[in-house]
Number of protein chains: 4
Amino acid sequence: MPQSDTKKPRRTPRQQRSQETVEVILQATAQVLAEHGYAKSSTNRIAKRAGVSVGSLYQYFPNKDALFQALIERHVSAQNDAFSALFSISLGSPPPVLITQAVRALVASHQVQPELHLLLISQLGGLEQAAELLTLDTRAIQALEAYFRVQSKSLRPMENPRLVAEVIVFAVEAVVHRSLMERPDKLDDPAVERELIRLVEGYLLPGTAPAVQGVEPPETP
Amino acid sequence: MPQSDTKKPRRTPRQQRSQETVEVILQATAQVLAEHGYAKSSTNRIAKRAGVSVGSLYQYFPNKDALFQALIERHVSAQNDAFSALFSISLGSPPPVLITQAVRALVASHQVQPELHLLLISQLGGLEQAAELLTLDTRAIQALEAYFRVQSKSLRPMENPRLVAEVIVFAVEAVVHRSLMERPDKLDDPAVERELIRLVEGYLLPGTAPAVQGVEPPETP
Amino acid sequence: MPQSDTKKPRRTPRQQRSQETVEVILQATAQVLAEHGYAKSSTNRIAKRAGVSVGSLYQYFPNKDALFQALIERHVSAQNDAFSALFSISLGSPPPVLITQAVRALVASHQVQPELHLLLISQLGGLEQAAELLTLDTRAIQALEAYFRVQSKSLRPMENPRLVAEVIVFAVEAVVHRSLMERPDKLDDPAVERELIRLVEGYLLPGTAPAVQGVEPPETP
Amino acid sequence: MPQSDTKKPRRTPRQQRSQETVEVILQATAQVLAEHGYAKSSTNRIAKRAGVSVGSLYQYFPNKDALFQALIERHVSAQNDAFSALFSISLGSPPPVLITQAVRALVASHQVQPELHLLLISQLGGLEQAAELLTLDTRAIQALEAYFRVQSKSLRPMENPRLVAEVIVFAVEAVVHRSLMERPDKLDDPAVERELIRLVEGYLLPGTAPAVQGVEPPETP
DNA sequence: AATGAATGAGCATTCATTCAT
DNA sequence: GATGAATGAATGCTCATTCAT
């Protein structure tokens with residue numbers, strides 16, 4: 001099983017025809033991945049599904065993993081675009097506005113090809129390249145942390161703004177994600193988004209939330 | 001690829017020797033899975049690592065997936081035990097106690113073989129049997145929902161208690177999970193748990209967060 | 001032992017090269033079958049003998065049995081051709097002519113690759129597909145039965161023409177077959193054919209053959 | 001796959017218990033052979049079916065093929081007994097009596113465990129030891145030939161009595177055999193036996209069949 | 001004698017990749 | 001550029017046989 005090293009597309013196709021071929025191959029890759037899973041997604045199968053020869057497939061992708069790599073990259077890129085479109089936040093926005101925007105941006109970015117998103121996570125989670133799927137989270141965390149530091153006076157006191165940012169992003173992201181897993185259309189119901197905003201507001205805004213006190217765990221027998 | 005149907009262990013070994021063999025094989029399975037990933041985890045490789053013959057492996061497991069299935073089952077079982085040990089909640093507990101206990105139980109159940117947990121999630125996410133990995137969440141969600149219904153007067157008003165329970169469990173679970181991914185010992189720092197308790201309290205306790213108000217998203221260009 | 005369903009050749013090769021490959025593989029199959037028997041005829045062994053890679057073998061045959069299936073089909077087809085060439089009988093032919101032709105056609109059809117014939121019968125008798133090896137008999141039986149019904153006046157009286165046809169075909173076929181087993185060239189001696197014609201004539205033509213009378217079997221002690 | 005040379009039972013069991021074990025194992029062998037075919041009849045499967053351990057099986061049979069060998073031997077022996085019981089012929093019997101007896105003996109010897117007979121022929125035809133299944137034919141041929149030489153005056157002239165004996169035995173045997181294949185109870189109908197007697201009488205008795213004359217085969221195009 | 005756990009060579013089949021056309 | 005036949009290492013799994021208990 002000879003395998004080259006690069007995971008990059010072999011050539012950036014500049015001609016119309018080539019672009020289409022690449023497109024067709026990636027579509028087929030996603031389909032085959034969805035139908036058969038990573039382990040059973042053979043290059044020959046993908047090529048046949050795409051209606052091209054294996055040889056052609058290898059003209060554009062140096063090896064099997066490059067296909068999935070490309071799939072991930074495109075998806076991450078689309079997701080980032082969706083996020084950026086909504087999260088054009090200014091550091092001066094008041095917290096409630098910021099929170100609403102952040103939640104909406106995170107939700108929206110997961111409504112971009114949600115089936116593909118789940119597919120990539122579930123099937124390619126083991127691949128090294130899958131780390132890229134977390135790009136968006138990193139971006140969001142950094143943006144939030146920066147905002148917290150600037151707006152610290154309008155927010156509840158924080159020991160570790162970075163940790164708070166992580167908690168928010170991970171939590172929102174997970175709820176969105178798991179909602180999609182349950183039913184791909186669950187996010188169409190605005191209730192989810194509303195709950196998330198409540199969750200984040202209750203966590204960030206200075207309020208009457210009682211201080212955390214020690215509660216002893218029960219005896220472990 | 002001949003494959004039998006069952007994913008169940010082929011025989012329940014009663015003798016000392018057999019028990020050990022099974023143990024050794026499962027250990028090897030986890031190791032190989034960690035080192036090579038699901039796709040490259042061949043039964044021959046696992047057997048060699050375990051120091052037994054392939055034949056022996058197949059004496060106890062009817063096929064490859066049964067190995068991973070067994071790994072999952074054992075882990076889920078251990079996790080459930082850890083959860084149960086802490087989450088012996090009564091429906092009459094006051095919210096702050098309940099919240100603390102719930103968060104602690106969720107955190108603790110993820111400190112059982114955390115590397116294995118991440119491994120199973122990332123590598124076996126695509127497998128059908130992986131659904132079992134979510135068992136714990138379901139349990140926790142149901143328990144919380146029941147509690148909310150009983151204690152509705154001590155909590156902030158909820159439109160959909162089930163959704164609220166999901167939000168909490170998914171959120172806590174994800175923060176724990178992602179913390180482990182970052183650094184397997186990140187949970188040793190009590191700060192994470194503290195933040196989670198704050199998150200859930202802010203979300204559940206009454207009189208805290210201001211009502212959600214409409215915030216218009218920016219124009220999508 | 002993963003096995004696809006079809007027993008049909010995977011692709012009908014149109015190109016010269018492919019045709020040759022298929023030919024070479026089938027030749028090798030017959031050789032290995034002859035030398036090692038069905039149980040020990042592995043696809044790897046066949047491929048090696050054919051001088052191609054296993055992969056190539058599987059490009060043309062979906063599984064092991066398809067190889068033997070193809071072998072049987074080709075042989076049955078050749079046999080049928082040989083039979084048809086001689087058995088162009090008209091329903092009006094006088095019995096002696098018909099009998100001679102029928103016996104000759106049956107003998108001739110077993111002189112087509114007689115070693116292969118015996119090989120297929122002995123080694124593949126247990127396979128489902130081996131039923132096809134009996135195609136010729138069915139054809140011959142039907143033709144004879146039809147003839148008997150038309151020519152009943154020129155023949156001895158028959159209670160059950162179908163049974164008579166079966167007796168003749170099975171008998172002739174068996175003698176031919178077993179003669180080949182004894183010595184592959186035994187049929188070169190015209191004596192066998194002569195005896196068979198005598199056998200059939202004595203059975204079919206109206207003559208002095210005494211009626212069957214009851215003969216008591218000896219006492220079983 | 002270590003395989004010893006002998007095909008003989010390892011020990012002739014003299015004790016009651018052992019005899020039963022052997023019996024049970026051979027019964028299981030026949031069952032498994034019938035259900036799964038030769039290739040899939042594993043010793044472990046047979047042992048399990050017999051309710052003994054593989055080890056015990058190997059105590060009585062040195063290797064897999066010895067099982068089938070024993071099965072064949074028993075069957076041939078039973079068949080021979082049945083044949084002998086009916087074919088206690090004297091060289092002085094008149095032809096019609098001899099013919100009837102011979103046909104009846106051949107038919108009867110195939111009614112001993114007919115399913116097993118077909119099973120052994122179809123599944124074990126490729127084995128060397130299967131030659132033994134033809135023992136009966138040899139015996140019958142020799143007996144007939146001897147009879148022909150003594151009774152030549154009561155029979156039609158023969159160039160080659162041995163060949164005539166072969167023709168008869170092969171023919172009768174084949175009709176019996178193929179009748180069983182069609183329907184295991186077809187021999188219950190006395191019509192088959194009647195036809196066979198007619199066949200042999202027409203072939204052997206004098207003054208019946210007209211001489212064989214040359215009939216030209218049609219031109220092969 | 002009987003058991004059945006263990007062995008490991010061998011088998012059918014797949015699949016990433018190459019390359020002659 | 002495109003094609004698809006060819007390659008052969010690797011995989012999941014079976015099974016005849018042995019041997020410690």
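In the text below, chain A, chain B and the rest are named by the order of the sequence lines, each starting its count at 1. This is a predicted model, so every value here is computed, not measured. Because only heavy atoms are used, hydrogens play no part in the values below, and waters and symmetry mates are left out as well, while side chains stay in.
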Report summary line: Assert: residue with more 5' nearest nucleotide on DNA chain E, out of C:Gly55 and B:Gly51, is B:Gly51
Query raised in the report: Expressed in angstrom and rounded to an integer, what is the separation of B:His36 atom NE2 from F:dG12 atom C1'?
Result: 17 Å
Query raised in the report: Given atom CD1 of C:Ile25 and atom C1' of F:dA6, what is their separation to the nearest angstrom?
Result: 11 Å
Query - Opposite nucleotide pairing with F:dT21, Watson-Crick or G-U, both atom distances under 3.5 Å - result: E:dA2
Query - Side chain proximity check, B:Gln69 to B:Asp65, heavy atoms < 4.5 angstrom - result: no
**Report entry** Greater than 12 external heavy atoms within 6.0 Å of A:Glu128's CD
**Finding:** no
Query - Most 5' of C:Val52 and D:Tyr38 on DNA chain F, judged by nearest nucleotide - result: C:Val52
Requested in this report: Answer with base, sugar-phosphate or nothing: what part of the nucleic acid does A:Ser56 contact at a heavy-atom distance below 4.0 Å?
Outcome: base
Query raised in the report: Which nucleotide sits closest to the side chain of A:Gln59: F:dG12, F:dA6, F:dA2?
Result: F:dA2
**Report entry** Check: C:Leu33 and C:Leu67 side chains under 4.5 Å, non-hydrogen atoms
**Finding:** no
Query raised in the report: Between atom CG in C:Asn63 and atom P in F:dG12, what is the gap in whole Å?
Result: 20 Å
Query raised in the report: What is the distance, rounded to the nearest whole Å, between atom NZ of C:Lys48 and atom C1' of F:dA6?
Result: 16 Å
Report summary line: pair_partner(F:dA16), Watson-Crick or wobble, both distances < 3.5 Å, evaluates to E:dT7
**Report entry** d(CG, A:Asp65; C1', E:dC15) in whole Å
**Finding:** 13 Å
Report summary line: Taken to the nearest whole Å, NZ/D:Lys40 to C1'/F:dA16 is 16 Å
Requested in this report: Nearest-nucleotide wise, let me know which of D:Thr21 and C:Ser42 is further upstream toward the 5' end of DNA chain E.
Outcome: D:Thr21
Query raised in the report: Expressed in angstrom and rounded to an integer, what is the separation of B:Glu20 atom CD from E:dA5 atom P?
Result: 14 Å
Requested in this report: Ignoring hydrogens and angles, state whether a donor on the side chain of C:Glu23 or C:Gln27 is under 3.5 Å from an acceptor on the partner side chain.
Outcome: yes
Query raised in the report: Is it true that D:Tyr38 and C:Tyr38 have ring centroids separated by less than 6.0 Å?
Result: no
Report task. Using a 4.0 Å heavy-atom cut-off across all strands, classify C:Ser41 as base, sugar-phosphate, or nothing. Result -> sugar-phosphate
Query - Closest to side chain of B:Val54, choosing from F:dC13, E:dT18, F:dA2 - result: F:dC13
Query - Nucleotide F:dG1, atom P - distance to CD of A:Gln19 in whole Å - result: 13 Å
Query - Nearest atoms (heavy-atom pairs only) where D:Ser41 meets D:Lys64 - result: O-CE, 2.9 Å
Report task. Would you mind classifying the nucleic acid contact of D:Thr43 as base, sugar-phosphate or nothing, using non-hydrogen atoms under 4.0 angstrom? Result -> base
Report task. Looking only at side-chain atoms of C:Tyr60, point me to the closest of F:dA5, E:dA12, E:dA16. Result -> F:dA5
Report summary line: Winner on side-chain proximity to A:Ser53, out of F:dC13, F:dA2, E:dT7, is F:dA2
Query raised in the report: Closest to the B:Tyr58 side chain: F:dC13, E:dA6, E:dA16?
Result: F:dC13
Report summary line: On DNA chain F, more 5' by nearest nucleotide between D:Ala39 and B:Ala39 is B:Ala39
